[in-house]
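Right, one structure below, let's go through it.
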Amino acid sequence: MVHTFNIVPDTYTRFEDEAELIEECKGWGLLSDKANKSKSFTYKGNGMNLTCTIAGYVDSYTAVIQFEDGQLHCVHPSYLKEMQASSYSQKSTATAASSDPEGIGSITTAEELPSSEAAVEISQAAVTEDEPAPPAEPAAAALPPIEDISEEPKPKAKEKTSKRAPKLALPEEKVKMTATVQEFTSVPNNFSDNEDEVIIYEAVSIIDPATEVGLAWSSHSATLKKLELEVGDTLTFECKIVAKKLTKHPVPYKINNPAKIQKVQA
């Protein structure tokens, strides 16, 4: 059976092992801090009640689940967590009834979207397809130049030249890195009332091969909270690093699933 509601990821990262899966699920709140093994979950929506497992992630806001028939679907972890409550289906039904008592329209819930960027792209695509392009305006008739002898010609402004730093070639596999805590902050979560806690790092670099990264960020996961980090603490760890800008911050890279974390003594 093909689930018509599926949002299949174009690309995503599969967990390398169960330990990485458990760590990420703890950060999402899908497993308790004391959990030492993964489990299956229940997907409730579109009139269905399906068993699924966590297969991987697109980014920190988008989990990829896999149904028993092997099909993949993108869902926000907060919504998957809500689905585990026994009252979820009743709450969803009541919301749908009050929003559309006549049954005229259908409701698209936020959990069906893999990310806020995807929602924007979908809405823009719909506008492009449904609305014809406005007719081009006729070009204005060319007017003869008017000489103004009262003012001397102004010198042309110098053209600005911008030089962007070359984009880093990031390794696809896990690497050993070092980084210093610069700031603790939070960013809006489009799928939840609560903001997501994150850590911004400075002086980030890959140890082998030696590569300077600069600024990067990561989720402030349950594992990192146990270390009771402070601004200025320097860490070493193994992780995957990807090009993922932090919302409302000029931080271009994200540290995913840091493991074997150690504080560097000053």
Query raised in the report: Got a sec, which residues hit side chain to side chain contact (heavy atoms under 4.5 Å, CB included) with Val175, two or more places apart in sequence or on another chain?
Result: Pro171, Met177, Ile206
Report task. Just jot down the ring pair (Phe, Tyr, Trp, His ring centres under 6.0 Å) partners of Tyr57, sequence neighbours excluded, or say none. Result -> Phe15
Query - Residues which pass side chain to side chain contact (heavy atoms under 4.5 Å, CB included) with Lys245, listed by chain and number, not counting sequence neighbours - result: none
Query - Set of residues satisfying side-chain hydrogen bond (donor to acceptor under 3.5 Å, both in side chains) with respect to Lys254, sequence neighbours excluded - result: Asn256
Requested in this report: Could you tell me which residues satisfy side-chain hydrogen bond (donor to acceptor under 3.5 Å, both in side chains) with Glu20, sequence neighbours excluded, listed by chain and number?
Outcome: none
Query raised in the report: With sequence neighbours excluded, what pairs up with Ser205 under the side chain to side chain contact (heavy atoms under 4.5 Å, CB included) test?
Result: Thr178
Report task. Identify, with sequence neighbours excluded, every residue that meets salt bridge (charged side-chain N to carboxylate O under 4.0 Å, His left out) alongside Lys225. Result -> Glu197
Query - Counterpart residues, side-chain hydrogen bond (donor to acceptor under 3.5 Å, both in side chains), relative to Ser38 (two or more places apart) - result: Glu18
Requested in this report: For residues 228-239, pull every pair meeting side-chain hydrogen bond (donor to acceptor under 3.5 Å, both in side chains), keeping only residues two or more places apart or in separate chains.
Outcome: Thr180-Thr234
Report summary line: The side chain to side chain contact (heavy atoms under 4.5 Å, CB included) partners of Ala210 (sequence neighbours excluded) come to none
**Report entry** For Lys240, all residues meeting salt bridge (charged side-chain N to carboxylate O under 4.0 Å, His left out), sequence neighbours excluded
**Finding:** Glu16
Report summary line: Residue set satisfying side-chain hydrogen bond (donor to acceptor under 3.5 Å, both in side chains) with Thr51, at least two apart, ordered chain then number -> none
